[in-house]
There are 2 protein chains.
Amino acid sequence: MKPNIHDVAKIAGVSSTTVSRVLNNRGYISEKTKEKVYKAMEEINYFPNDLARSLFNKRTNLIGLIIPNSSNPFYGELAFHIESICASLGYKLLLCNSLNRIDKEEKYLEMLIRNQVDGVVVVTYNRGILNYEKQNLSVVAIDHYLSKNIPVVGSDNYGGGKQATELLLMKGCQYIVHINGPIELQTPANLRRIAYEDVMKEHGRLPITYEVSPHQNHQEVISKLFDEHPEVDGIFASDDLIAASVIAESKKRGKDIPTQLKVVGYDGTEAVQVILPELTTIQQPIDLIAKTAIDILLKQIEGEFNNFPFETYLPVKLLEGGTT
Amino acid sequence: MKPNIHDVAKIAGVSSTTVSRVLNNRGYISEKTKEKVYKAMEEINYFPNDLARSLFNKRTNLIGLIIPNSSNPFYGELAFHIESICASLGYKLLLCNSLNRIDKEEKYLEMLIRNQVDGVVVVTYNRGILNYEKQNLSVVAIDHYLSKNIPVVGSDNYGGGKQATELLLMKGCQYIVHINGPIELQTPANLRRIAYEDVMKEHGRLPITYEVSPHQNHQEVISKLFDEHPEVDGIFASDDLIAASVIAESKKRGKDIPTQLKVVGYDGTEAVQVILPELTTIQQPIDLIAKTAIDILLKQIEGEFNNFPFETYLPVKLLEGGTT
DNA sequence: CTGAAAGCGCTTACAG
DNA sequence: CTGAAAGCGCTTACAG
């Protein structure tokens, strides 16, 4: 059996109240008593049970993170930063991979509520889900609007889309196509598309956007794009994985990059930078996004509801590689 | 305030014992009572507090996962599979990114113990850490020996190393070099190196292995390799990220792949397959590794200590792409 | 079929 | 400076 606070008390020859006080460093305790208690704890290898503490305190220091899939480098890196920041602040992270499935998301959310998490960070496509608000749970969303009451943190999608498109124009591309996720999702990432379309129109060009669905093979759509627009000489893909697929298709068709086709992605994760360093991309400040999201979440947890912006868009950075 | 079981009982007009029985579907309860209770729960939006349950049951259904860094596609994908399997079995996952730092690992382990996890899955480089055994905690390791008592699950590293080396030989490479992590770590991944060296010797070749340290820029070591062995025409890298760096360096030097240099990696994650589909690699069955590790962990948790192998090496698969 | 009581391992007023 | 008691939200013998 695991030792409990009473075992420690018995060995130290004090009451469990005193042991608790030593543990929490609260109230006045004589040095001698402290030492006895510490020695006893070490002797029997005692670790306090956080379940019991949390039950009493009504505070678990537990944060839930719902992402589509940590296999995707962007979410994997986001999870890393969020977890690291949480750990440094004494919070623990419950990881949930929703695969963007609404049924899974609902189940996870209920699980998190049952486990009394102090707050939830959500990267999800599904809106209006299971009373995110009804439970008066602290929630922060990353790159997705969930409701009027849930703050959103993300990168400057409009600025990023603008930079990407302008870069392709500046490099002399005549026929620029954009690839993005489904427009129905109404994510801030749609701003990348809107920026593309705005810039194109500004320059008197016709914007053309192809849609791919998340977590699905993009190859088919991309192949169609090449078939329908053989003149394409610039592609702005709304994430790096799509950009990589474009590069692969281009190679397959013997279309040289960057001379015949220039490609810009979006995300700029560490992994992609190592694996495909030549990819030109708009890099999101993933660490900053994580930091900001946690900041806002903790403010909510502490009961401050007006001390943070409802929307935060952090600056992106153009990483120019060989694909432009 | 969140409603508790007594609130439900009051509304349903029964005792909290009865509510608990309905919740746990234990003992005999009349249909009428059940309905009343369910209605009451819904009415006040009641969710049971798993903290209190766990405290009583001495079972949290919580699993800890310690990995170096979920930004790395291999660990990100592993975390995805482990979490998914856990979720399907009613377990929840506490994510820990150790960055391979022993101090962080120790802190995480203590955190997990305090949170009463039922078991821990560990992917770590540090051996003999904080009484992994002393706490009689259920533990399973992935791809790393931790101690005589901790079961290990991984891919068939020797077989994979053999396949990779033999492929390069078969393709006619005359001068094959291997890149691996530090030998001191004594991970099963060292078997990839041993396999390479064995095969080389079998064929009367001189094995040459360069070492890179994890989570550090590999470019320097790789550059040195190219300088010191300009004749190199085959490289077996012990993971895909190293392989990608080799490809980048090769491009930089104008050495054509695959005509002048052939490259084989190891891991074969989904992400790398999308981002760099042309990479020839030895693919680990990450889903199977996750499944097997959880199986073994759950057996330990259930008290079966002899019903599983101490070491499990799952079959790998050669994915041949354009780099060979 | 249902309820009162004790207890899981803690912490915090309240006394002293 | 220290301890006895009550309670966090559950569950499970034990009665009835």
Side-chain angles (χ1 to χ4, degrees), chain A residues 1-38 40-41 44-62 90 110-118 135, chain B residues 1-38 40-41 44-62 90 110-118 135:
Chain A
M1 281 312 336
K2 282 183 186 161
N4 64 22
I5 202 172
H6 296 103
D7 300 322
V8 176
K10 203 174 297 173
I11 292 180
V14 298
S15 74
S16 52
T17 307
T18 299
V19 176
S20 172
R21 266 196 285 261
V22 173
L23 234 35
N24 294 288
N25 215 349
R26 222 188 290 290
Y28 300 88
I29 331 119
S30 73
E31 273 309 313
K32 241 184 286 179
T33 310
K34 263 192 200 173
E35 262 174 47
K36 277 193 299 184
V37 171
Y38 282 129
M41 296 197 303
I44 60 174
N45 228 284
Y46 170 76
F47 290 101
N49 183 330
D50 272 355
L51 250 43
R53 288 183 163 202
S54 297
L55 183 58
F56 186 92
N57 293 326
K58 291 171 173 305
R59 194 71 142 55
T60 53
N61 276 25
L62 224 39
E110 182 177 329
M111 179 277 276
L112 295 173
I113 289 170
R114 285 167 177 254
N115 281 276
Q116 316 297 120
V117 294
D118 293 337
Q135 290 299 327
Chain B
M1 280 309 342
K2 281 184 188 160
N4 63 23
I5 202 171
H6 297 103
D7 299 323
V8 177
K10 203 174 296 171
I11 292 181
V14 297
S15 73
S16 52
T17 307
T18 298
V19 176
S20 172
R21 266 195 285 258
V22 172
L23 234 35
N24 294 288
N25 214 348
R26 224 188 290 290
Y28 300 88
I29 331 121
S30 72
E31 272 310 314
K32 242 184 286 179
T33 310
K34 262 192 199 174
E35 263 173 47
K36 277 192 297 182
V37 171
Y38 281 129
M41 296 198 302
I44 60 176
N45 228 283
Y46 169 76
F47 290 101
N49 183 329
D50 273 354
L51 251 44
R53 288 183 163 202
S54 297
L55 183 58
F56 185 92
N57 294 326
K58 292 170 173 306
R59 195 70 143 51
T60 54
N61 276 25
L62 224 41
E110 183 177 327
M111 179 276 274
L112 294 174
I113 290 170
R114 285 167 175 253
N115 282 276
Q116 316 299 120
V117 295
D118 293 336
Q135 290 298 329

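Side chains included, hydrogens not; waters and symmetry mates left out as well; all remaining heavy atoms used. A note on names: the letters A, B, ... follow the listed sequences, proteins ahead of strands, and every chain is numbered from 1.
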Open item on the list: Of the listed nucleotides (C/dC10, D/dT2, C/dT2), which one gets closest to any side-chain atom of A/I5?
Closed with: C/dC10
- [ ] State whether A/S30 places a side-chain N or O below 4.0 Å from either non-bridging phosphate oxygen (OP1 or OP2) of D/dT2.
- [x] yes
TODO: Determine the contact category for B/I29: base if any of its heavy atoms lies under 4.0 Å from a base atom, sugar-phosphate if only primed atoms, P, OP1 or OP2 are that close, otherwise nothing.
DONE: sugar-phosphate
Task: Listed nucleotide nearest any side-chain atom of B/F56, set C/dT12, C/dC8, C/dC10 - done: C/dC8
- [ ] Can you tell me the distance, in whole Å, between the CZ atom of B/R114 and the C1' atom of C/dG9?
- [x] 14 Å
Open item on the list: Whether A/R21 contacts D/dC1 is assessed here as follows: a side-chain N or O lying under 4.0 Å from the phosphate OP1 or OP2. Is that the case?
Closed with: no
Task: Close side-chain approach of B/K34 to B/N25, heavy-atom, < 4.5 Å - done: yes
- [ ] Respond yes when some side-chain nitrogen or oxygen of B/T33 is under 4.0 Å from OP1 or OP2 of C/dC1, and no when none is.
- [x] no
Task: Candidates D/dG7, C/dG3, C/dC1 - which lies nearest the side chain of B/Y28 - done: C/dC1
Open item on the list: Is the phosphate of C/dC10 approached by A/S20 (side-chain N or O, under 4.0 Å from OP1 or OP2)?
Closed with: no
- [ ] Examine distances only and state if a side-chain atom of A/N49 and a backbone atom of A/L51 form a donor-acceptor pair shorter than 3.5 Å.
- [x] yes
Task: Between P of C/dC1 and CG of B/N25, the distance in whole Å - done: 13 Å
Open item on the list: Between A/K34 and D/dC1, is there a contact of a side-chain N or O with OP1 or OP2 at under 4.0 Å?
Closed with: no
TODO: Report yes if some heavy atom in the side chain of A/Y46 is under 4.5 Å from a heavy atom in the side chain of A/I11; otherwise report no.
DONE: no
Task: Distance test, side-chain N/O of B/T18 to OP1/OP2 of C/dG3, below 4.0 Å - done: yes
Task: Check: B/R59 main-chain N/O paired with B/N57 side-chain donor or acceptor under 3.5 Å - done: no
Task: side-chain N/O B/K58 vs C/dG9 OP1/OP2, d < 4.0 Å - done: yes
Task: Pair B/V22-B/V19, side-chain contact (heavy atoms from CB on, under 4.5 Å): steps then yes or no - done: CA-CA 5 Å; B/V22 172; B/V19 176; 5.6 Å; no
Task: Spacing between B/L55 atom CG and D/dT11 atom C1', to the nearest angstrom - done: 11 Å
Open item on the list: Taking the side chain as everything from C-beta on, heavy atoms only, tell me whether B/N24 gets closer than 4.5 Å to B/R53.
Closed with: yes
Open item on the list: At less than 4.0 Å, is any side-chain N or O atom of A/T17 found next to OP1 or OP2 of D/dG3? Yes or no.
Closed with: no
- [ ] Would you kindly give the CE-to-P distance between B/M41 and D/dC10, to the nearest whole Å?
- [x] 11 Å
- [ ] Identify the heavy atoms of B/S15 and B/A9 that sit nearest to each other, and give their distance.
- [x] C-CB, 3.7 Å
Open item on the list: Quick check for you: among D/dT12, C/dG3, C/dG9, whose closest atom lies nearest to any side-chain atom of B/V14?
Closed with: C/dG3
Task: Steps toward side-chain contact (heavy atoms from CB on, under 4.5 Å) verdict (A/R114, A/E110) - done: CA-CA 6 Å; A/R114 285 167 177 254; A/E110 182 177 329; 3.0 Å; yes
- [ ] In whole angstrom, give the distance that lies between atom CZ of A/R26 and atom C1' of D/dG3.
- [x] 17 Å
- [ ] Describe the nucleic acid contact of A/N24 in one word from base, sugar-phosphate, nothing, applying a heavy-atom distance below 4.0 Å.
- [x] sugar-phosphate
Task: Identified stems (criterion: three or more consecutive Watson-Crick or G-U pairs, under 3.5 Å), DNA chain D - done: C:1-3 with D:14-16, C:5-12 with D:5-12, C:14-16 with D:1-3
Open item on the list: Please pick, from C/dT2, C/dC10, D/dT12, the nucleotide with the shortest atom-to-atom distance to any side-chain atom of A/A52.
Closed with: C/dC10
Open item on the list: Between P on C/dC8 and CG on B/N115, what's the gap in Å once rounded to a whole number?
Closed with: 20 Å
Task: Set of side-chain hydrogen bond (donor to acceptor under 3.5 Å, both in side chains) partners for A/S16, sequence neighbours left out - done: none
Open item on the list: How many whole angstroms separate atom CG of A/N57 from atom P of D/dG9?
Closed with: 12 Å
Task: Spacing of B/R53 atom CZ relative to D/dC10 atom C1', expressed in whole Å - done: 8 Å
TODO: Kindly say if B/N4 contacts the phosphate of D/dG9, meaning a side-chain N or O under 4.0 Å from OP1 or OP2.
DONE: yes
